[in-house]
Colleague: 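Shown below is the structure under consideration.
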Amino acid sequence: MDIRQQVGLNVQRIRRTRGWSQEELAFESGLHRTYISGIERGARNPTITVLKELADALGVPPGVLLDTQHLLPSG
């Protein structure tokens, strides 16, 4: 799996666990909602700075966003 897809699925999983919309995550992280959508779809290649902003907003260590063991099932 592409690292961008991996990060996107992890962001989506954690965001949904928190019960947040993409708009709420965008507000908490200071990023635009369409950028959050692009990350979750694996269409964006976020910088390490963006990963840190997302991790801080989600309340997780940045490495969790790169985790390969907690992916959503495909399909």
Colleague: Val50 and Tyr35: which non-hydrogen atoms are nearest, and at how many Å?
Modeller: CG1-CE2, 3.7 Å
Colleague: Is there a donor-acceptor pair under 3.5 Å between the side chain of Asn10 and the backbone N or O of Asp67?
Modeller: yes
Colleague: For Ser37 and Arg41, does a side-chain donor sit closer than 3.5 Å to a side-chain acceptor?
Modeller: yes
Colleague: Would you mind reporting whether Lys52 and Thr49 have side-chain heavy atoms less than 4.5 Å apart?
Modeller: no
Colleague: Test side-chain contact (heavy atoms from CB on, under 4.5 Å) on Phe27 and Arg33 and set out the steps.
Modeller: CA-CA 8 Å; Phe27 176 77; Arg33 189 204 55 80; over 6 Å; no
Colleague: When rounded to the nearest 0.5 angstrom, what is the spacing between CD in Glu53 and CD in Glu28?
Modeller: 13.0 Å
Colleague: Is Leu58 close to Leu65 at the side-chain level, that is, under 4.5 Å between some pair of heavy atoms?
Modeller: yes
Colleague: I'd like to know if the side chain of Gln6 and the backbone of Leu66 have a donor-acceptor N/O pair within less than 3.5 Å.
Modeller: yes
Colleague: In the single-linkage hydrophobic clustering (I, L, V, M, F, W, Y; side-chain heavy atoms under 4.5 Å), do Ile14 and Ile3 co-cluster?
Modeller: yes
Colleague: State, yes or no, whether a side-chain contact exists between Gln22 and Glu40 at a heavy-atom distance under 4.5 Å.
Modeller: yes
Colleague: Quick check: closest heavy atoms across His32 and Ala26, and the distance to 0.1 Å?
Modeller: C-CB, 3.9 Å
Colleague: Is a side-chain N or O of Arg15 found less than 3.5 angstrom from the main chain of Leu25, in a donor-acceptor match?
Modeller: no
Colleague: Hey, does Gln5 have a side-chain heavy atom less than 4.5 Å from the side chain of Asp2?
Modeller: yes
Colleague: Can you list the steps and then say if Asp56 with Ser29 is a side-chain contact (heavy atoms from CB on, under 4.5 Å)?
Modeller: CA-CA 7 Å; Asp56 287 349; Ser29 65; over 6 Å; no
Colleague: Using the side-chain contact (heavy atoms from CB on, under 4.5 Å) rule, take Met1 and Leu9 through it: C-alpha gap first, then chi angles, then the decisive distance, then the call.
Modeller: CA-CA 11 Å; Met1 175 178 291; Leu9 290 175; 3.8 Å; yes
